Number of protein chains: 2
Amino acid sequence: MSTSFAEENYLKIIYRLSEGHTDDISTNAVAELTQTKAASVTDMLRKLAEKGWVNYQKYQGVRLSPEGEKIALGIVRKHRLWEVFLVEKMGFNWDEVHEIAEQLEHIESDSLIEKLDEFLEFPKTDPHGDPIPSKNGVMPELGYQHLADIKAGKRCVLMGVAKDSAIFLQLLTKMKLSLGSALYVQEVNAFDRSVSVSIDEAPAVFISHEVAKNILVKLAQ
Amino acid sequence: MSTSFAEENYLKIIYRLSEGHTDDISTNAVAELTQTKAASVTDMLRKLAEKGWVNYQKYQGVRLSPEGEKIALGIVRKHRLWEVFLVEKMGFNWDEVHEIAEQLEHIESDSLIEKLDEFLEFPKTDPHGDPIPSKNGVMPELGYQHLADIKAGKRCVLMGVAKDSAIFLQLLTKMKLSLGSALYVQEVNAFDRSVSVSIDEAPAVFISHEVAKNILVKLAQ
DNA sequence: AAATATTTTTAGATGAAACTAAAAATTATT
DNA sequence: AATAATTTTTAGTTTCATCTAAAAATATTT
Ligand SMILES: [Mn+2]
Ligand SMILES: [Mn+2]
Ligand SMILES: [Mn+2]
Ligand SMILES: [Mn+2]
């Protein structure tokens, strides 16, 4: 069965909202991410349920069916592989690729995406550190922690971001933060929950809680 | 002003039908290439005229305005650059790329297409020998001839094809014909207008008039 | 437990892009 | 020049994805 751009975008967003927990997703949550009204979401959820891609009961919220999750993972795979292409081969910065990948993720050609994967030498993660689902729909679990949850005195490495808006990524770049940055959490400041962090052995800088929440790290060793 | 996929496809097809001659294009001709009904074409032509991209008078046919031609050339440029990418970088055969490029041509990002052009080292022609319009909307005139019009005894080189359907391209491949093939027109056979042609100095084979019409060549020296 | 607030669904409408069937205009033929 | 054939347009529908406004269901507060 074929999928429209709109359907693919809804499935992808329901997938995103489901990551981690297992409870049902609310109509309003979907409406916010799709940038549509709740009434439009209700219509689409009925249609997706009709096609067997979601389980949906009026007023009870929605979750992906196994079939729907497979489609969503396919879109996410394409999105992230194209992002790698845009950064690695076309020379874009990590804050410039998301919007273009939003378009490219809907290109329909299995052979293209497999050839792209090979051309990029089978990357495991995208330019934002997000894992790339395998061809057969398995999303690797990377198990990173949020910088905001790291205790003072710990060393860690920046492995990813939990948000890929251009404005956030540009701020990280300004702060000299990028994938692979070696971080030393000198102090957690109780007043505003900001963290004093030394980046690549440089003198420590303040990172706000809002930013630290969206930085994913792996503890050193 | 933004363009929908449907509008872009119409403009591209009107452009294609206009190449060469200067007369107006008929509604039916457009309907055939867009794979829609004449009534649908009439609707769209009114809309395109409204936006200033075509000149259209009821019953008089249609032609592109300068603005419409610029848009069409932009789509053709993207289509052909993506085809080069698919063949040169992704390892597709020349008969496999057209359908994928039909999708990729609608990706909207000026910086992407300029970076792609650079990545491909500014190709002048696509995998079918078709010229790639410049960034500023100029289509190079290559001035090739049809193999069907070449006189017996002449040598020429295969430079392009006038049709990019997979079935035609696969036949050429089977006949060992590809871009750059050195052709010697041994004889034009009056009965069926087929041509006896030696390909790369091999013993001559028969090429039907139907095929010869769609092969573009440059006379040797 | 009632009242109130919030969320979600229904009902009805809109704009795009297609369709079919019928009418009108143009072109070709006698 | 009249008739017939063909092409093109109009009129009225359909499907998809959205919208607004109002109704219904659920959740929260008093
Ligand atoms: Mn992204
Ligand atoms: Mn990403
Ligand atoms: Mn197209
Ligand atoms: Mn081509």
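Reminder, nothing fancy here: chain letters follow the sequence lines and each chain counts from 1. The shown structure was predicted, so the numbers you read here are calculated from the model rather than taken from an experiment.
- Rounding to whole angstrom units, CG of residue B/Asp43 and P of C/dA16 are separated by 12 Å.
- The residues B/Glu105 and B/Lys12 are annotated as salt-bridged, a charged nitrogen and a carboxylate oxygen being separated by less than 4.0 angstrom.
- Classification of B/Arg16 and B/Glu19 as a salt-bridged pair fails, no side-chain N sitting under 4.0 Å from a carboxylate O.
- Using a 4.0 Å cut-off on heavy atoms, none of the residues of residues 21-29 of chain A approach DNA chain D.
- Mapped onto DNA chain D by nearest heavy atom, B/Gln57 and A/Thr36 fall at different nucleotides, with B/Gln57 at the one closer to the 5' end.
- Note: NZ (B/Lys58) to P (C/dT26) measures 10 Å, nearest angstrom.
- Under a cut-off of 6.0 angstrom, the local environment of CD in A/Glu32 is sparse, with at most 12 non-hydrogen atoms contributed by other residues, nucleotides or ligands.
- Counting non-hydrogen atoms of neighbouring residues, nucleotides and ligands closer than 6.0 angstrom, the CZ atom of B/Phe206 reaches no more than 12 such neighbours.
- Between the CD atom of B/Glu32 and the C1' atom of D/dT8 there is a distance of 16 Å, given to the nearest Å.
- Where A/Phe5 and B/Thr42 each meet DNA chain D at their nearest nucleotide, the meeting point lying more 5' is that of B/Thr42.
- For the pair A/Gln60 CD and D/dA25 C1', the interatomic distance rounds to 10 Å; values are reported in whole Å.
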What side-chain donor-acceptor pairs closer than 3.5 Å can you find for residues 129-140 of chain A, not counting sequence neighbours?
from: A/Ser134; atom 1: OG; to: A/Asn136; atom 2: N; distance (Å): 3.4
from: A/Ser134; atom 1: OG; to: A/Asn136; atom 2: OD1; distance (Å): 3.3
from: A/Ser134; atom 1: OG; to: A/Val138; atom 2: N; distance (Å): 3.1

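- Closest approach to the B/Ala39 side chain among C/dA18, C/dA21, D/dC19 is made by C/dA21 (side chain taken as heavy atoms from C-beta onward).
- Residue A/Tyr10 has its side chain nearest to D/dT18 when only C/dT9, D/dT18, C/dC19 are considered.
- The distance between atom CG of A/Leu45 and atom C1' of C/dT9, rounded to the nearest whole Å, is 11 Å.
- Look at CZ on B/Arg46: it is 8 Å from C1' on D/dT9, rounded to the nearest Å.
- Among D/dC19, C/dT8, C/dA18, the nucleotide with an atom closest to any side-chain atom of A/Tyr59 is C/dT8.
- Distances shorter than 4.0 Å separate some side-chain N or O of B/Lys37 from OP1 or OP2 on C/dT20.
- Rounded to whole Å, atom C1' of D/dT15 lies 12 Å from atom NZ of A/Lys51.
- No hydrogens or angles considered: nothing links the side chains of A/His79 and A/Asp126 as a donor-acceptor pair under 3.5 Å.
- In this structure, the separation between CZ on A/Phe85 and CG on B/Leu112 is 7.0 Å, given to the nearest 0.5 Å.
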